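Below, read A as the first sequence line, B as the second, and so on, with proteins coming before strands; counting in each chain starts at 1. Everything numeric here is computed off the predicted structure, so don't read it as measured data.
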There are 2 protein chains.
Amino acid sequence: MTLGMTVSTTKSAKARRPQRYDGADNRRAVLDAALTVFADLGFEAASTRAIAAAAGLEQGHLAYYFPSKAALWQQVVEAFAREGEDLLRAALEGDDLSRPEQTAARVLPGLLRVFARNPRLTRLMLQEFSVHSPRHQWVVDTFGAPVWRLLEPLFAALRAHGRLSGAPPAVAYFNLVGAALITFGNRDLILRLAGCDTGEEATVDAAIAYILGPVLAPAP
Amino acid sequence: MTLGMTVSTTKSAKARRPQRYDGADNRRAVLDAALTVFADLGFEAASTRAIAAAAGLEQGHLAYYFPSKAALWQQVVEAFAREGEDLLRAALEGDDLSRPEQTAARVLPGLLRVFARNPRLTRLMLQEFSVHSPRHQWVVDTFGAPVWRLLEPLFAALRAHGRLSGAPPAVAYFNLVGAALITFGNRDLILRLAGCDTGEEATVDAAIAYILGPVLAPAP
DNA sequence: AATCGAGTTTGTCAATTGACCAAGTCGGGT
DNA sequence: ACCCGACTTGGTCAATTGACAAACTCGATT
């Protein structure tokens with residue numbers, strides 16, 4: 001399921017049916033294969049040949065769609081990561097934070113569920129949190145900073161209303177992010193080590209409830 | 001401070017003072033420089049030339065102490081990571097877990113403080129949590145699994161005593177690990193983004209208290 | 001002073017890698 | 001039938017990299 005293959009796709013809507021060459025379809029296949037390989041191996045260790053092979057193409061072909069490996073990586077992240085930020089922006093639109101705990105209860109579980117649903121993307125983000133790379137700054141500027149700017153008022157309001165156990169907003173926020181990235185980005189490891197499947201629906205719910213506990217609960 | 005230089009080291013205790021060649025000293029310098037470069041760039045992106053340069057030596061010289069780049073990496077982790085596991089093992093020795101919340105309050109803050117004190121090593125661990133590499137299995141076998149085996153009874157007992165907000169022990173454990181790795185492994189990022197210094201003593205205390213809140217607090 | 005050997009440098013090598021290009025394939029419009 | 005152009009392949013290239021080895025530097029031993 002990980003590598004989208006050109007052949008079997010049925011695009012019955014439109015009349016166009018090129019049996020053999022379908023650029024748009026192969027482009028998607030490359031993006032999907034690249035997400036898998038990047039998530040598994042990391043940017044450096046993921047060779048363009050391995051990505052092409054996972055997509056069922058030749059290495060030289062990648063250059064047709066993507067000017068460079070770095071550009072491919074960037075488009076992979078953009079293609080899959082917008083969801084979270086858009087969801088967040090829409091959910092916070094026009095909220096005056098007069099009842100921050102209600103806002104948080106409405107917004108944050110959905111955000112965490114985005115991570116749980118996209119383990120490959122979650123790993124990709126985790127990688128950029130663990131290495132100083134030319135891509136690190138880009139991720140921070142493009143996603144990290146905007147998301148934090150979006151959520152900082154919420155976390156500040158939460159603390160002002162006696163949540164977060166009195167911790168600084170940033171501490172609570174990065175606690176949440178770290179817990180989510182590790183928990184949902186390491187399903188295989190956690191399953192192997194502890195026999196606990198963090199991809200399973202019930203466990204996802206339990207994990208989200210646990211992560212958000214100190215955020216949503218009133219101070220003792 | 002990051003690169004230990006051979007020259008200036010004053011070893012006034014012993015009589016030995018080889019002005020120019022000091023193998024053991026340079027070996028330490030390489031390990032320290034390697035820790036820095038590996039933590040910053042990740043294993044693949046960290047070239048042996050960069051490591052040698054950071055240690056003030058030539059690339060070819062590394063082979064004198066370490067048979068390969070992978071072996072160097074492994075010795076770096078071993079040299080710096082034993083502290084945590086040993087501390088944990090000693091602290092849990094002979095504990096019958098009849099009062100798990102007391103045990104946790106005695107043991108876990110110290111464990112988290114090991115992460116806070118060693119940001120470079122923390123980043124290194126974070127990297128191996130985010131990539132499937134030949135080193136991943138080794139870290140899991142050598143540190144991940146033993147530590148989990150050590151702590152699993154404690155977390156199981158905590159839950160049996162009404163802590164963890166009813167979450168599975170593994171969820172609570174990896175929540176803790178993820179929060180610690182991200183919080184203490186990204187001091188620069190968090191400082192830049194949110195103006196919060198997770199290397200500062202007071203913030204470390206606040207973060208540890210926050211992370212351990214659900215672990216130590218009784219169920220509502 | 002001659003030798004020894006741990007420590008260190010310099011130069012080289014094969015392998016891998018990302019970028020690039022010239023040629024080829026194929027469906028569709030003319 | 002023919003060509004056009006989107007799409008795809010296979011091969012090449014320069015750069016980087018980890019490993020390796022031969023030569024060099026000294027302090028210490030004899």
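The minimum heavy-atom distance linking A:Thr198 with A:Thr183 is given by the pair OG1-O, 3.0 Å. The two residues A:Ala194 and B:Ala170 come nearest to each other via the heavy atoms CB-CB, 3.6 Å.
Taking the six-membered ring where the residue is Trp, B:Phe155 and B:Trp148 present tilted rings, their angle falling between 30° and 60°. The aromatic rings of A:His136 and A:His132 lie perpendicular to each other, with more than 60° between the two planes, well past the 30° mark.
Rounded to an integer number of Å, the gap from B:His61 NE2 to C:dT10 P is 12 Å. Atom-to-atom, CD of A:Glu44 to P of D:dT16 comes out at 14 Å; the value is rounded to the nearest Å. Put simply, CG on A:Leu41 is 11 Å from P on C:dT17, counting in whole angstrom units. Rounded to an integer number of Å, the gap from A:Arg27 CZ to D:dT8 P is 13 Å. Atom CD1 of A:Ile51 is separated from atom P of C:dT16 by 18 Å (rounded to the nearest Å). For the pair A:Arg49 CZ and C:dG18 P, the interatomic distance rounds to 7 Å; values are reported in whole Å. When rounded to the nearest whole Å, the span between CG of B:Leu62 and P of C:dT9 equals 10 Å. Atoms OH (A:Tyr64) and P (D:dC7) sit 4 Å apart, rounded to a whole Å.
For the atom pair CZ of A:Arg149 and CZ of A:Arg89, the computed distance is 8.5 Å after rounding to the nearest 0.5 Å. Between the CD1 atom of A:Ile182 and the CD1 atom of A:Ile190 there is a distance of 8.0 Å, given to the nearest 0.5 Å.
Among the protein residues, A:Phe66 comes within range of no part of the nucleic acid, since none of its heavy atoms lies under 4.0 Å from any strand. Here B:Glu58 lies in heavy-atom contact (under 4.0 Å) with a base. At a threshold of 4.0 angstrom between heavy atoms, the contacts of B:Ala50 with the nucleic acid are absent.
Considering only the side chain of A:Thr48, C:dG18 comes nearest among D:dT17, C:dT9, C:dG18. Of all nucleotides listed (D:dT17, D:dT8, C:dG18), D:dT17 comes nearest to the side chain of B:Ser47.
For the pair A:Tyr65 and D:dC7, the criterion of a side-chain N or O lying under 4.0 Å from OP1 or OP2 is not met.
For residues 67-80 of chain A, proximity to DNA chain C is found at A:Ser68, A:Lys69, defined as any non-hydrogen atom under 4.0 angstrom from a strand atom.
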After noting the C-alpha distance and the side-chain angles of A:Leu126 and A:Asn186, does the key distance pass the side-chain contact (heavy atoms from CB on, under 4.5 Å) rule? CA-CA 10 Å; A:Leu126 197 47; A:Asn186 283 285; 3.9 Å; yes
